[in-house]
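Right, one structure below, let's go through it.
Scope of the values below: all heavy atoms of this structure, side chains included, with no hydrogens, waters or symmetry mates.
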Amino acid sequence: MQFLLGLLTPVVFFVVFYMGTKYGKKQGKPVEIDEKQLIKAKKIQEDFQKLMNYDVSKALQRKKVE
């Protein structure tokens, strides 16, 4: 019984590994990006950069009221 389990384990491992690589190559194909998606991605990147450059001390300063 242990002999059969010892033979079956690598077979199952290689079958799963093969299926994973086959599925991964299928998913790795390039995707076409249209102009709207490109503009949206750039906007999100700019907003993220603004968020990361946030300065708390500047935000808490009093503002002049005219």
Side-chain angles (χ1 to χ4, degrees):
M1 183 65 179
Q2 292 179 353
F3 180 74
L4 290 175
L5 285 175
L7 288 176
L8 187 61
T9 301
V11 170
V12 170
F13 173 77
F14 285 116
V15 168
V16 170
F17 183 76
Y18 173 75
M19 295 299 286
T21 54
K22 187 176 177 183
Y23 181 73
K25 286 182 182 178
K26 187 178 185 181
Q27 294 295 323
K29 293 182 180 177
V31 178
E32 290 186 26
I33 299 175
D34 64 351
E35 193 68 28
K36 285 183 180 180
Q37 290 176 338
L38 187 61
I39 292 171
K40 186 176 179 182
K42 285 182 181 180
K43 175 74 171 138
I44 290 172
Q45 183 66 30
E46 290 173 3
D47 291 343
F48 179 76
Q49 288 298 326
K50 288 178 186 176
L51 181 65
M52 290 296 111
N53 291 330
Y54 183 74
D55 186 15
V56 176
S57 61
K58 186 175 179 181
L60 293 177
Q61 286 178 351
R62 294 186 142 219
K63 297 181 179 148
K64 294 180 181 178
V65 179
E66 295 180 19

Could you tell me the separation between the [atom1] atom of [X] and the [atom2] atom of [Y], rounded to the nearest 0.5 Å?
X	Y	atom1	atom2	value
Leu51	Ile44	CG	CD1	13.0 Å
Glu35	Lys40	CD	NZ	14.5 Å
Ile39	Ile33	CD1	CD1	12.5 Å
Thr9	Leu4	OG1	CG	10.5 Å
Gln49	Met52	CD	CE	8.5 Å

So do Phe17 and Val15 actually touch side chain to side chain, heavy atoms under 4.5 Å? no
When you look at CG of Leu7, are more than 12 heavy atoms from neighbouring residues, nucleotides or ligands closer to it than 6.0 Å? yes
Report, as yes or no, whether the 6.0 Å neighbourhood of atom CZ on Phe48 holds more than 12 heavy atoms from other residues, nucleotides or ligands.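 No, because the 6.0 Å sphere around CZ of Phe48 holds 12 heavy atoms or fewer from other groups.
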Identify the heavy atoms of Glu32 and Gln37 that sit nearest to each other, and give their distance. O-OE1, 4.1 Å
